[in-house]
Number of protein chains: 2
Amino acid sequence: MGLVINDKEWAGKYKLKDIQNKIILGDTIEVMKKMKPKSVDMVFIDPPYFLQLPKKRLIRWEVKTDVEGVNEQWDKFASFKEYDNFIKKLLKGVKRVMKPNATIWVIGTYHNIFRTGKIMYDLGFWMLNDVSWFKTNPMPNWLNVRFTNATETLLWAVKDKKVKKYVYNKEVAREYSMKDFNSKIVFNVWRLPICMGGQRLKNADGKKLHSTQKPEALLERIIRISTNPDDVVFDPVAGTGTTGYVAKKLGRNFIMIDKEEKYVKAMQKRLKGLQTKL
Amino acid sequence: MGLVINDKEWAGKYKLKDIQNKIILGDTIEVMKKMKPKSVDMVFIDPPYFLQLPKKRLIRWEVKTDVEGVNEQWDKFASFKEYDNFIKKLLKGVKRVMKPNATIWVIGTYHNIFRTGKIMYDLGFWMLNDVSWFKTNPMPNWLNVRFTNATETLLWAVKDKKVKKYVYNKEVAREYSMKDFNSKIVFNVWRLPICMGGQRLKNADGKKLHSTQKPEALLERIIRISTNPDDVVFDPVAGTGTTGYVAKKLGRNFIMIDKEEKYVKAMQKRLKGLQTKL
DNA sequence: CAAAGTCCTGAATCATATG
DNA sequence: ACATATGATTCAGGACTTT
């Protein structure tokens, strides 16, 4: 049995053992319906950001160049409504497969995080924190017509208000806060650089494979703080697979879904590389 | 003509000269309807945050005093829906009186800022930045079960997507960024302390008058960066009146509205104190 | 008077056990 | 699902008191 499951070739339900530490190629909403309820310990979601950029010419303060911008099929939504509907379906599906004491992380920018947060509240998630990822090396806004957007926002929530015994490794959290600000207070502000250098996956042309690949250090922090070893970390829109890669590296298990073959292939390669390393 | 206008005693519309540098006592939605469209240069809103705090009291065990949360009438909403409706009416009213190139600032915490931001997008405001106010002296999370909430979020937007020539004093912005982070990049992260000491308005008992008084330094930054001298700064839910106080101090004009007489009285006193100072 | 020590408090969705 | 009783944590900064 390989690392990848093609959902089209799978009839019936998924048992946990079928998909643990697997990448599933398929429509995430449909795949989740076939998963067992209350089966994962933590969820990380990095949804499409709905940048609303013009199709041809991307504005330079948003992205580096026209070619490399977020202008791909997966970020195309006709309207706020369509976007909201997608996020709502995604979060509903995720909530169903979360264990009762599981937590969920969602990352976004000001383009999408407000609508997304609002939907989380409406679905009954209980917010624990909004965390501000303060990038140490943001792209400067060289037109100087507004502030340099140096942050992304992470929302951290539990399934319901009544959940109390979720995982929060406070000593680990304090480690990072000491490193960031030399402070014993564990702030909801994190300082770390964006994804750079060797971490960045490239395609055959040497161009970056994915516009919004997250740094491993970000996932490391999230996973170490909010899961224990052997927990199952779930990413329903996995992209380049940083979630599963870091989870595995830290002795956790993963389940990842993506609908694009090129990303699934890249994840597969990345994880195989990890196996040889370990 | 005094500093305060009682809306009940005012028939007909308000001309700009009637209300410039005045505090209006009345229902903000109704008052705004009587204001002239396209008349203000900048708006600052610090709406109720809809904290949904538990009814029980928290006690500090060592000193045996209550932890006073916000538990006041103005933060009472029955449901998300009721809260959303209030914010929607407020923002619609505000948009109407904004000049075409005016900008708007809205502040909040994770309790309310996501729904509020979503509504702003839906009403057609064009977001310029989300700014993270990183408090230098937050209340620590004493039980250590989540991150210390050390931030509030400011949303900064223009009236419509097509607005280009709004006020952004980039040199002033850089001043603050140098002070905060010794950086020439003007980050969307601001470091300043919460409202403390002599700034804080007290009532006759020596207790704080308002749970959520904003520091003058915050308003100073906002006003200096996003307005020019003699501009009209509008605050439709003025509370303790920090907006007007700082605006006046910086050579701007203000219009403030609040429905509670005790706050209007306090603002009046505060502004009279400023006149004697200047 | 200055320096050191004490007390208080800040927009907070902070826990657990029992009935 | 409530309400109630019990328990024993955190830091910066301003106001106040003592040395």
Side-chain angles (χ1 to χ4, degrees), chain A residues 101 103 117 120-122 124-130 155-168 170-171 173-174 177-178 181-188, chain B residues 45-77 79-80 83 106-116 132-154 191-202 205-215 217-218 237 239-240 242:
Chain A
N101 67 333
T103 64
M120 287 178 72
Y121 277 96
D122 289 351
F125 286 100
W126 189 248
M127 205 62 75
L128 295 170
N129 283 112
D130 61 334
L155 302 183
W156 186 38
V158 288
K159 211 173 162 170
D160 298 295
K161 181 174 178 175
K162 58 181 180 291
V163 177
K164 302 290 178 195
K165 296 195 172 177
Y166 52 89
V167 177
Y168 173 69
K170 57 186 176 187
E171 308 78 13
R174 183 170 287 209
S177 204
M178 283 303 297
F181 299 106
N182 195 28
S183 168
K184 282 190 202 170
I185 299 186
V186 181
F187 295 114
N188 65 331
Chain B
I45 307 186
D46 181 13
Y49 285 5
F50 193 32
L51 291 189
Q52 300 179 269
L53 294 177
K55 283 171 195 149
K56 68 185 176 190
R57 300 189 318 181
L58 275 189
I59 295 176
R60 295 173 209 270
W61 298 105
E62 289 174 6
V63 292
K64 297 221 163 55
T65 58
D66 287 4
V67 178
E68 269 185 72
V70 175
N71 196 14
E72 306 189 38
Q73 203 49 45
W74 48 258
D75 198 41
K76 292 272 181 292
F77 294 90
S79 63
F80 284 146
Y83 183 80
V106 183
I107 187 166
T109 60
Y110 68 94
H111 308 87
N112 72 316
I113 200 67
F114 302 110
R115 348 190 43 84
T116 303
S132 191
W133 168 24
F134 185 11
K135 302 173 188 179
T136 56
N137 52 350
M139 173 107 123
N141 174 337
W142 48 13
L143 293 188
N144 234 320
V145 292
R146 62 181 68 181
F147 301 94
T148 291
N149 220 328
T151 60
E152 295 196 25
T153 301
L154 290 144
R191 271 184 79 77
L192 39 104
I194 60 177
C195 184
M196 280 179 317
Q199 250 183 55
R200 177 109 13 210
L201 302 191
K202 313 269 179 168
D205 314 337
K207 298 253 181 195
K208 64 182 176 189
L209 180 71
H210 197 285
S211 317
T212 70
Q213 190 180 337
K214 292 290 171 288
L218 182 70
V237 281
T240 54
T242 308

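Here the structure is a predicted model, which means the values were calculated and not measured. What you see below is based on every heavy atom in this structure, not just the backbone, and it leaves out hydrogens, waters and symmetry mates. Every chain is numbered from 1, with letters handed out A, B, ... down the list of sequences.
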Taking all heavy atoms of A/Asp130 and all of B/Asn149, pick out the closest pair and write down the distance. OD1-OD1, 3.8 Å
To the nearest Å, give me how far apart CE (B/Met139) and P (D/dG14) are. 17 Å
For B/Gly198 and A/Arg174, find the nucleotide of DNA chain D closest to each by heavy atoms; which residue's nucleotide sits nearer the 5' end? A/Arg174
Categorize B/Lys208 for me: base, sugar-phosphate, or nothing, with a 4.0 angstrom heavy-atom threshold over every strand shown. sugar-phosphate
Using the aromatic ring of B/Trp142 (for Trp, its six-membered ring), decide whether it stacks on the base of C/dC14 within the limits of 5.5 Å and 30°. no
Does a side-chain N or O of B/Asn149 approach OP1 or OP2 of C/dT13 to a distance below 4.0 Å, or not? yes
Whole-angstrom distance between C/dC14 and D/dC2, as gauged at atom P: 15 Å
For a quick check of understanding: with a heavy-atom distance under 4.0 Å over all strands, which category does B/Trp133 fall into, base, sugar-phosphate or nothing? nothing
OP1 or OP2 of C/dT16 less than 4.0 angstrom from a side-chain nitrogen or oxygen of A/Lys164, does that happen here? no
In whole Å, what separates the P atom of D/dT17 from that of C/dC1? 16 Å
Exactly one candidate in B/Tyr110, B/Tyr49, B/Trp133 meets side-chain hydrogen bond (donor to acceptor under 3.5 Å, both in side chains) with B/Glu152; the answer is B/Tyr49
Considering only the C1' atoms, how many Å lie between C/dA11 and D/dA15, rounded to the nearest integer? 22 Å
Please tell me if B/Arg200 has a side-chain N or O lying less than 4.0 Å from either OP1 or OP2 of C/dA11. yes
When all nucleic acid strands are considered with a 4.0 Å heavy-atom cut-off, which category describes B/Pro215: base, sugar-phosphate, or nothing? nothing
Kindly say whether the aromatic ring centers of A/Trp126 and A/Tyr166 come within a distance under 6.0 Å. no
Hey, is C/dT16 sitting syn or anti, using the within-90° cutoff around 0? anti
Rounding to the closest angstrom, what is the interatomic distance between D/dT9 and C/dT16 at atom C1'? 15 Å
Which one is paired to C/dT13, where only Watson-Crick or G-U wobble pairs with both distances under 3.5 angstrom count? none
Does any part of the side chain of A/Tyr168, heavy atoms only, come nearer than 4.5 Å to the side chain of A/Asn129, both counted from C-beta? no
Euclidean distance for C1', D/dT10 against C/dT9 (whole angstrom): 12 Å
